[in-house]
Amino acid sequence: MSTSLSSYIRILSCGSSKILYELESIRELLKEDKVCERGQQRIHRRLVRINCIFRIMVPQFEVLETMSAPGFAAFRSEFEGGASGFQSTQFRKLELILGVREEQRTCTFLNAYKEKLTEEQRLDIDSVKQQEDLCTLLNRC
């Protein structure tokens with residue numbers, strides 16, 4: 001695999017990790033009965049940071065979109081058994097934190113995805129499922 005393509009994946013992976021971290025911290029702040037002005041400022045800074053991360057990540061997706069289907073399949077196969085973004089643990093956690101539940105999905109391969117998870121990944125995702133999502137917390141405000 002070319003160095004430039006692996007750089008794109010590193011940027012996307014690091015960006016996803018940072019977004020996940022920021023969303024989790026926002027969720028913790030919103031769990032308070034009342035969010036003070038300082039907490040609101042923290043939430044705002046984290047949202048601005050997430051926006052900056054997305055501005056960095058979008059061009060990386062644009063580069064990947066230029067690849068042919070066979071070229072992308074060959075490239076993708078070099079990462080974690082060929083897992084797509086949909087199949088990544090980070091992506092699942094992002095969806096759950098934002099409020100997308102499995103019962104809302106219409107995909108046909110969700111069970112196949114679940115079968116490929118390690119026990120640690122399954123527990124990690126299950127712990128996120130047990131917590132209130134951002135949609136619920138925001139609607140409570």
Side-chain angles (χ1 to χ4, degrees), residues 1-67 69-141:
M1 171 180 22
S2 74
T3 304
S4 61
L5 287 177
S6 62
S7 297
Y8 293 122
I9 293 300
R10 275 195 302 279
I11 290 169
L12 293 172
S13 179
C14 290
S16 297
S17 294
K18 184 62 177 163
I19 290 169
L20 188 58
Y21 172 83
E22 298 296 343
L23 288 173
E24 287 173 337
S25 69
I26 290 169
R27 183 178 58 195
E28 290 304 311
L29 289 166
L30 288 173
K31 284 181 179 178
E32 300 295 323
D33 289 333
K34 292 183 181 180
V35 181
C36 66
E37 188 173 335
R38 179 178 269 197
Q40 292 172 16
Q41 291 170 350
R42 286 182 185 147
I43 290 169
H44 179 260
R45 281 194 307 271
R46 284 169 172 82
L47 289 171
V48 168
R49 191 172 301 124
I50 289 169
N51 187 43
C52 289
I53 295 166
F54 274 121
R55 285 198 315 256
I56 292 168
M57 290 174 65
V58 167
Q60 312 312 314
F61 286 116
E62 290 172 353
V63 170
L64 294 177
E65 287 174 349
T66 66
M67 298 177 76
F72 183 73
F75 163 72
R76 189 178 86 168
S77 69
E78 296 189 30
F79 293 94
E80 298 181 32
S84 68
F86 176 82
Q87 294 168 317
S88 80
T89 305
Q90 282 182 340
F91 190 77
R92 303 284 350 138
K93 288 170 62 176
L94 282 171
E95 286 185 327
L96 291 167
I97 288 171
L98 292 172
V100 178
R101 298 289 173 208
E102 287 181 2
E103 54 272 10
Q104 295 172 300
R105 301 198 132 285
T106 58
C107 65
T108 56
F109 59 92
L110 188 57
N111 286 334
Y113 158 76
K114 288 179 184 178
E115 292 170 5
K116 292 184 179 185
L117 293 174
T118 65
E119 185 62 25
E120 181 181 350
Q121 290 170 323
R122 192 173 295 111
L123 292 171
D124 196 20
I125 289 172
D126 286 344
S127 74
V128 175
K129 284 181 190 178
Q130 302 305 315
Q131 300 176 40
E132 287 184 292
D133 59 70
L134 284 175
C135 264
T136 302
L137 292 168
L138 286 170
N139 284 327
R140 204 174 64 189
C141 293

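Since we're looking at a predicted model, the values are computed, not measured.
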Using 0.5 Å steps for rounding, measure from the [atom1] atom of [X] to the [atom2] atom of [Y].
| X | Y | atom1 | atom2 | answer |
| --- | --- | --- | --- | --- |
| Glu95 | Asp133 | CD | CG | 12.0 Å |
| Leu96 | Leu23 | CG | CG | 12.0 Å |
| Leu94 | Leu134 | CG | CG | 10.5 Å |
| Leu117 | Ile125 | CG | CD1 | 5.0 Å |
| Arg55 | Asn51 | CZ | CG | 5.0 Å |
| Asp124 | Arg92 | CG | CZ | 13.0 Å |

Worksheet item: Of the non-hydrogen atoms in Met57 and Ser16, which two are nearest, and what is the gap between them?
Response: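 Shortest heavy-atom separation between Met57 and Ser16 comes out as CE-OG, 3.7 Å.
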Between side-chain atoms of residues 38-48 and protein atoms elsewhere (two or more places apart, or another chain), which donor-acceptor pairs fall under 3.5 Å?
residue: Gln40; atom: NE2; partner: Val35; partner atom: O; Å: 3.1
residue: Arg46; atom: NE; partner: Ser25; partner atom: OG; Å: 2.7
residue: Arg46; atom: NH1; partner: Arg42; partner atom: O; Å: 3.4

Fill in: Matching residue for Ile97 among Leu20, Ile19, Ile26 - test: side-chain contact (heavy atoms from CB on, under 4.5 Å)
Leu20
Fill in: Partner set under side-chain contact (heavy atoms from CB on, under 4.5 Å) for Glu119, not counting sequence neighbours
Arg122, Leu123
Worksheet item: Tyr21: what forms a side-chain contact (heavy atoms from CB on, under 4.5 Å) with it, not counting sequence neighbours?
Response: Lys18
Worksheet entry | From CA spacing to verdict: side-chain contact (heavy atoms from CB on, under 4.5 Å), Arg27, Val128 | CA-CA 11 Å; Arg27 183 178 58 195; Val128 175; 4.1 Å; yes
Item to complete: Quick one: do Glu132 and Arg140 satisfy side-chain contact (heavy atoms from CB on, under 4.5 Å)? Show the steps, please.
Response: CA-CA 11 Å; Glu132 287 184 292; Arg140 204 174 64 189; 3.2 Å; yes
Discussion item. Contact between Gln131 and Lys31 at the side-chain level, heavy atoms closer than 4.5 Å - yes or no?
Written reply: yes
